[in-house]
Amino acid sequence: MFPELVVSRDRLAGNIRAIKAILDRSNIDAVAVTKGFCAHPLIAEVFTDNGINVLGDSRIQNLKKMRNLPGRRMLLRLPAPSEIDEVVEYADISLVSHYETARALSRCASKRGQTHSVIVMIDMGDMREGVYGASALYDALANIMSLPGIKLEGIGANFCCIGGALPTLEKMNELRRMKEVVEMEQGIFLQTVSGGNSSNLSLLLKQPNSSFYNQLRIGEAFLRGRETVDDQAIAGAHDDCFMIRAEIIERYSKPSAPSGSTGGTGFGKAPAFVNKGLRSRAICALGKLDIDDQQLFPIEEGIKVIGASSDHLVLDVEDCKSAPELGDVLSFKLGYASIMRSMLSPYVQKRIL
Ligand SMILES: *Cc1c(COP(=O)(O)O)cnc(C)c1O
């Protein structure tokens, strides 16, 4: 059945080993972020089989799916006030930014006779979660530190998610200073500094051992084998752990530009097309319900993605060496958004090798 998502666990294991080797050089532990593949247990288990001790996800449902795997589980999204019980039940560590949230976790953990670990997030300019500014951080730490049932495990930051703020050397030094100042002034030791995500790898590759932080939460780089700032391949890693295969349902020579007056599509404004005359075009049974067509990379040379609607993928196949025909199956590598969407799509068969 097509479309079919093929997941190579061997290749993924290679990526985990390649990235772990980079992190090990700087004494950084990896949290494997599983939301990109909906925490599919057969894929998550490749991480725990290859030396990863913490699995992180933004959704409680996903942590629940992985409860039988070894190691610790981290909730990546700030706990919602309505899900505190489940957070304490299914996560060992959560990322927090409000004292009130930590207090609710504390009450719940105390009641259950458990200890729940928290990492206090700092907004370093990406405009997403975290306390903003040094004094907000001091207050949060001072208050959270004394909560029963809570272990203040450390501090953390996130980059390149909303604002696109890069984890530059300056930013990381800023984080380092914050850590040093709070440790000195508050007389505490922060066991964990969770320095960011896949976007931190770029700097780490250029300047190994320059880090003071000891944890990164890595999702995309593990799955795609590339760092995410310059999209460079990581040595020894693969970018085809996830591949989608789709069937051709139409193949004709047709005009390369729309005719008549044009308006929008169901997804907004239609792009501008260059008129190259008649071109060999294929339509695959695959669409925006299954993938993001901006993040779909044909394996075969000479194929160009023209666009997709919800269920149709239109390709220019004029420049292919061997012309694809009706019923042929084409393979594509995927960007992170496409991996996520195809894992989510009930229309896509999953073949996990
Ligand atoms: C999703 C997420 C990550 C992983 O980001 P990648 O860019 O995929 O490595 C890390 N931290 C948090 C808080 C996240 O939500």
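Order of listing sets the numbers, starting from 1, for every ligand and every atom in it.
For residues 109-137, the set of pairs meeting the side chain to side chain donor-acceptor pair (under 3.5 Å) definition, not counting sequence neighbours, comprises Ser94-His116, Arg112-Gln114, Ser117-Glu153.
In summary, the side chains of Gln295 and Ser338 do not present any donor paired with an acceptor at a separation below 3.5 Å, with no hydrogens or angles considered.
Every residue meeting the side-chain contact (heavy atoms from CB on, under 4.5 Å) condition with Lys350, not counting sequence neighbours, appears here in chain and number order: Leu5, Met343, Val348. The side-chain contact (heavy atoms from CB on, under 4.5 Å) search around Ala233 returns Arg226, not counting sequence neighbours.
Cation-pi check for Lys179 over Phe212 is not met; the charged atom does not lie both under 6.0 angstrom from the ring centroid and within 45 degrees of its normal.
Protein residues with any heavy atom under 4.0 Å from ligand 1: Val33, Lys35, Leu76, Leu95, Arg128, Glu129, Asn158, Asn197, Ser198, Arg217, Ile218, Gly219, Glu220, Tyr336.
Of all heavy-atom pairs spanning Leu166 and Cys160, the tightest one is CD2-SG, 3.7 Å.
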